[in-house]
Amino acid sequence: MPELPEVQHVVNSLLPVIVGRRLTAISTGPHDVTEPRGFDLRLRLEGRRIERVYRRAKRIVFELDGDDRFYIHLGMSGTIIVCPRQSPVRPHTHLRADLDNQTELRFSDPRRFGGIFWMGRSFETENDLGPEPFDLCASDLLPRLATARVIKTALLDQSVIAGLGNIYVDESLFAARIHPRQPARTLTLTQATSLLSSVKRILNRAIAAGGSSLRDYVDAAGNKGSFQNAHRVYDRAGKACSRCRTPIERIVLHQRSTHFCPACQCL
DNA sequence: GTCCATGTTCTTTA
DNA sequence: CTAAAGAACATGGA
């Protein structure tokens, strides 16, 4: 379920129901999804209060009393919900955390590409994450694109710009009329400017729409997003381009399916 | 059975 | 050495 808009919407929906709550009881599933491996979630989380929740890249950071933090990454199929304690437990639930008001925070993730990462008192992990799109200006983005890779691949690299994934890269490149195969280092400042404003506009719209629900992505209340209805190219191969009616093409770049309009986005 | 899937990391190659 | 390409991870749906 996870690109920046989906993760941000999960945080937004989580805030009113968990900030200030205390984690009264912790239980975990049969699979270890922690990093470092074998980490004792019960020992570190039980009895702590959630002071803040925020997003960094595609990570959801939970700040506890005592200044400890951990983050959850949703991977490809993860969901976080807050529900009544007696609600049926979905398969592949890796963490159940009782809150002090008869509700329960649950993290499930069938494919287990996501996980629970302990941060301790640090703010960032050793991982090198690029800037948040909303903190970026075109003159800062341009040098970050000085690579021989094609623009599609560069934008998926979280150390270049953080938070974009396959859907929003394709949608942003379409909006900026940039071909996904254009070498990143050949982008002009004009193109970078157009690209970045497209990225910000699309991310904002997607957040407002509650994200894109392709499979089973839901927010903390279990609601689906609606931005999939606004996709112009993603998963629209063969359908008419909304601008020029040319059929949308699907190719594979960087092992990821890539959708674009061959007429609007020229090399 | 086959192919595909909103992601990241480790390994291999150039 | 670095950068880029490829494989791997695990599950489920069409």
> Does OP1 or OP2 of B:dT6 have a side-chain N or O of A:Lys58 closer than 4.0 Å?
Replying inline: no

> Taking atom types as they are modelled, is there a donor-acceptor pair under 3.5 Å from the base of C:dA5 to the side chain of A:Gln255?
Replying inline: no

> Expressed in whole Å, how much space separates the P atoms belonging to B:dT6 and C:dA4?
Replying inline: 23 Å

>> I want to verify a distance call: between B:dG7, B:dA5, C:dA4, whose nearest atom is closest to the A:Ala148 side chain?
In response: C:dA4

> Does OP1 or OP2 of C:dA5 have a side-chain N or O of A:His254 closer than 4.0 Å?
Replying inline: no

> Under a 4.0 Å N-O cut-off, is there an ion pair linking A:Asp157 with A:Arg149?
Replying inline: yes

>> When the P atoms of C:dA7 and B:dC3 are compared, how many Å lie between them, rounded to an integer?
In response: 15 Å

>> Let's see if you can work this out: which of C:dG6, C:dT11, C:dC9 has an atom nearest to the side-chain heavy atoms of A:His31?
In response: C:dT11

> Does DNA chain C take part in any stems of at least 3 consecutive Watson-Crick or G-U pairs (both distances under 3.5 Å), and if so, which ones?
Replying inline: B:2-5 with C:11-14, B:7-14 with C:2-9

> Within the structure, does a side-chain N or O atom of A:Arg256 lie under 4.0 Å from either OP1 or OP2 of B:dA5?
Replying inline: no

>> Ring centroids only, cut at 6.0 angstrom: are A:His179 and A:Phe260 within range, meaning strictly under it?
In response: yes

> Closest to the A:Arg149 side chain: C:dA5, B:dG7, B:dA5?
Replying inline: C:dA5

>> Test your reading of the model: is there a side-chain donor-acceptor pair from A:Thr93 to the backbone of A:Ser108, 3.5 Å cut-off?
In response: no

> Do you know which of A:Phe107, A:Phe117, A:Phe62 makes ring pair (Phe, Tyr, Trp, His ring centres under 6.0 Å) with A:Phe70?
Replying inline: A:Phe62

> Listed by chain and number, what are the side chain to side chain donor-acceptor pair (under 3.5 Å) partners of A:Arg44, not counting sequence neighbours?
Replying inline: none

>> Can you tell me which nucleotide in B:dG7, B:dT6, C:dA4 comes closest to the side chain of A:Glu6?
In response: B:dT6

> Phosphate oxygens OP1/OP2 of C:dG12: is one of them under 4.0 Å from a side-chain N or O of A:Ser77?
Replying inline: no

> Among residues 157-166 of chain A, which contact DNA chain B at a heavy-atom distance under 4.0 Å?
Replying inline: A:Gln158, A:Gly165, A:Asn166

